[in-house]
Q: 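Questions regarding the structure given below will be posed in turn.
Protein chains get the first letters and strands the later ones, always in sequence-line order, with residue 1 at the start of each. Just the heavy atoms: all of them, side chains too, but no hydrogens, waters or symmetry mates, feed the values below.
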There are 2 protein chains.
Amino acid sequence: MIVRMSTPDPARAVPPSAALLPVTVDVVALTVRDDALHVLLVERGVEPFRGALALPGGFVLPGERLAAAARRELAEETGVRPPGHLEQLRTYGPLDRDPRGPVLSVAYLLLAPEFGVVHAGSDAGGAAWHPVEPLLGAGPDDRLAFDHARILADGVERARAKLEYSALATAFCPPEFTVADLRRVYEAVWGVRLDPRNFSRKATTTAGFLEETGRTTSGGTGRPAALYRAAPATSGTGAAADARPADVDPDDAPASVPAVLDPPLMRPRR
Amino acid sequence: MIVRMSTPDPARAVPPSAALLPVTVDVVALTVRDDALHVLLVERGVEPFRGALALPGGFVLPGERLAAAARRELAEETGVRPPGHLEQLRTYGPLDRDPRGPVLSVAYLLLAPEFGVVHAGSDAGGAAWHPVEPLLGAGPDDRLAFDHARILADGVERARAKLEYSALATAFCPPEFTVADLRRVYEAVWGVRLDPRNFSRKATTTAGFLEETGRTTSGGTGRPAALYRAAPATSGTGAAADARPADVDPDDAPASVPAVLDPPLMRPRR
DNA sequence: TCGTTTTTCGTCATTCTGACGATAAGAGCG
DNA sequence: CGCTCTTATCGTCAGAATGACGAAAAACGA
């Protein structure tokens, strides 16, 4: 059956030569767990690629927005409405990516503190966190369904790049966190070791990055650490001329539109 | 009439609940002309928004790739197959953006040296270069059709950001150019004045940016300047773990996949 | 109290940038 | 041919940021 979306003014119709494409959203949900970057994957319960691991996602429904579809699919497959930063990643062309025929896929990137996966969705086996590293190796085994390995690689690279010039690393952290927590995020996402002393200097002296809560950790081993929260967004939606991230989408950005790290925190180049 | 794209295996069909959406591509084609950033706009010849200025673009045809559709629309509306760097910008959701109903739009960004606009397309009045600046002001007049003002703003911001950490500014230049040409690109895109001496130092000493041709300009006023070309791409397609730009798409990237500016060339902040 | 661990503060050499002086190398003109 | 004008390019120097690393601070456990 063909579902044709409503056409308010039939006199101004879409040209008949235009392709009508099914559209999916796929979500690259990243988190840091045990000092390693993890991605949320589901086991596909239906063909095609039944039994294979895949990014959570599914078809956009009539009348639905893209970001809403992303959140819906995520909720359906994890049982929770995850926190974190959701932004559009990119769109993958309709050809040669789905055995069912031409399908457009709009990928979203979610950066979030680890959240529990509650229930298995309707057409997907349980969702679970998987370490990203072996999946990027792209060995002929462990292949993800569709072109999801490539989408994952793009998402990871986007996350790595954004940590350099935005305060987005805080999206991986709980509401209150220490400088060491934040450093471990950078280390996990970039796959490098950073000097704790220099990192602390950079994180605490960069304006618009951290905000102290006044409290400290206790009970752990070692000297107690100061607790911080993410600094509030620098203000206005300012999609126009000034903001550094070009992809601040009112439809995408949840609560926190993170500030810009003015002198960027660059990953070490070999 | 409904055009249903072929379904290779009917047993594995797209679920009937999925929306089938018409998809357009819109191209933000930027160039530097008379030391100012310009965008290629067409005057719409058909409803909706007949007579208004709009980004060149149109519907994706059955069996067509996104980037191919972008190049086709550009060719149809300019009469030439423009040079330059084409990359995907982002996708704009299906709702509340086209009076004809839900339409998905995948925007592309083209950075190119100025190219002549040859003929007027079928359903568009002549295409022409327009200064970007007044269009970003977003005055209630001079509004672009659809949500194209927003797409333009996103494209300009993407271009501005990319000049900081990539060698993409060379995409605005002819095959051979001087350091001053390149500086004028930065000045036009960022809307700032840069010190010619410091810019020259940065451009010529950053590895992987410029390559000297050995020749110099002649005839102009002032001391002749050395001619450079863009340094060749740093190697492999390497979409994976190492390349800085996350959006190197084999489908999008034409010849030149520009290198990374290692210490970035940051625009002056305030 | 002593060692262990982790956080946080300091120091210092190096690199990069912004400001700007000075020179180089043409064209145009008397 | 010399003078001037203009633009390109080289140099210098102070301030900022970074990377490497020493050392003190502040807990915990034995």
Q: Is the number of heavy atoms from other residues, nucleotides or ligands within 6.0 Å of CD (B/Glu176) greater than 12?
A: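 Yes, the 6.0 Å shell around CD holds more than 12 heavy atoms from other groups.
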
Q: Whole Å only: how far is the CZ atom of B/Arg183 from the P atom of C/dG18?
A: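 B/Arg183 atom CZ is separated from C/dG18 atom P by 14 Å.
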
Q: Would you mind reading off the distance between A/Met266 atom CE and D/dA16 atom P, rounded to a whole angstrom?
A: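 Taking CE of A/Met266 and P of D/dA16, I get 21 Å after rounding.
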
Q: Counting just side-chain N and O atoms, does A/Lys202 come under 4.0 Å of either OP1 or OP2 of D/dT18?
A: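 Answer is yes, contact under 4.0 Å.
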
Q: Less than 4.5 Å apart, any side-chain heavy atom of A/Asp195 and any of A/Ser200?
A: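 No. Closest side-chain heavy atoms not under 4.5 Å.
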
Q: Would you check if the side chain of A/Thr178 reaches a backbone N or O of A/Asp181 as a donor-acceptor pair within less than 3.5 Å?
A: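 Checking the backbone N and O of A/Asp181 against the side chain of A/Thr178, a donor-acceptor pair under 3.5 Å is found.
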
Q: Starting at the 5' end of DNA chain D and moving along, which residue's nearest nucleotide shows up first, A/Asp195 or A/Gly219?
A: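 This one resolves to A/Asp195.
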
Q: Are B/Phe199 and B/Tyr186 an aromatic pair by the rule of ring centers under 6.0 Å?
A: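 Distance test on ring centres: under 6.0 Å, yes.
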
Q: What is the distance, rounded to the nearest whole Å, between atom CD of A/Glu187 and atom P of C/dT6?
A: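 These atoms are roughly 13 Å apart.
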
Q: Can you tell me the distance, in whole Å, between the CZ atom of A/Phe199 and the C1' atom of C/dT6?
A: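 For the pair A/Phe199 CZ and C/dT6 C1', the rounded distance is 15 Å.
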
Q: Applying the side chain to side chain donor-acceptor pair (under 3.5 Å) test to B/Tyr92, which of B/Asp154, B/Asp147, B/Asp26 qualifies?
A: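 Only match with B/Tyr92 under side chain to side chain donor-acceptor pair (under 3.5 Å): B/Asp154.
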
Q: Atom CD of B/Glu212 to atom C1' of D/dA8: distance rounded to whole Å?
A: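 My rounded result for the distance is 14 Å.
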
Q: Could you pull out the protein-nucleic contacts involving nucleotides 10-13 of chain D (nitrogen or oxygen on both sides, under 3.5 Å)?
A:
none

Q: Find the distance B/Asp262:CG to D/dA17:P and express it as a whole number of Å.
A: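 Between P of D/dA17 and CG of B/Asp262: 18 Å.
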
Q: Whole-Å distance between D/dA17 C1' and A/Leu261 CG?
A: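 Taking CG of A/Leu261 and C1' of D/dA17, I get 13 Å after rounding.
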
Q: Measure the shortest side-chain to side-chain distance between B/Glu87 and B/Leu168 over non-hydrogen atoms and say whether it is less than 4.5 angstrom.
A: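 In short, these two side chains touch, coming nearer than 4.5 Å.
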
Q: Specify the residue among B/Pro263 and B/Gly222 whose closest nucleotide of DNA chain C lies further upstream toward the 5′ end.
A: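 Taking each residue's closest nucleotide, the earlier one in sequence belongs to B/Pro263.
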
Q: Quick one: are B/Val28 and B/Leu89 in side-chain contact, heavy atoms under 4.5 Å?
A: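 Heavy-atom side-chain distance check passes, below 4.5 Å.
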
Q: Between D/dA8 atom P and B/Leu227 atom CG, what is the distance in whole Å?
A: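 Rounded to the whole Å, the gap is 12 Å.
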
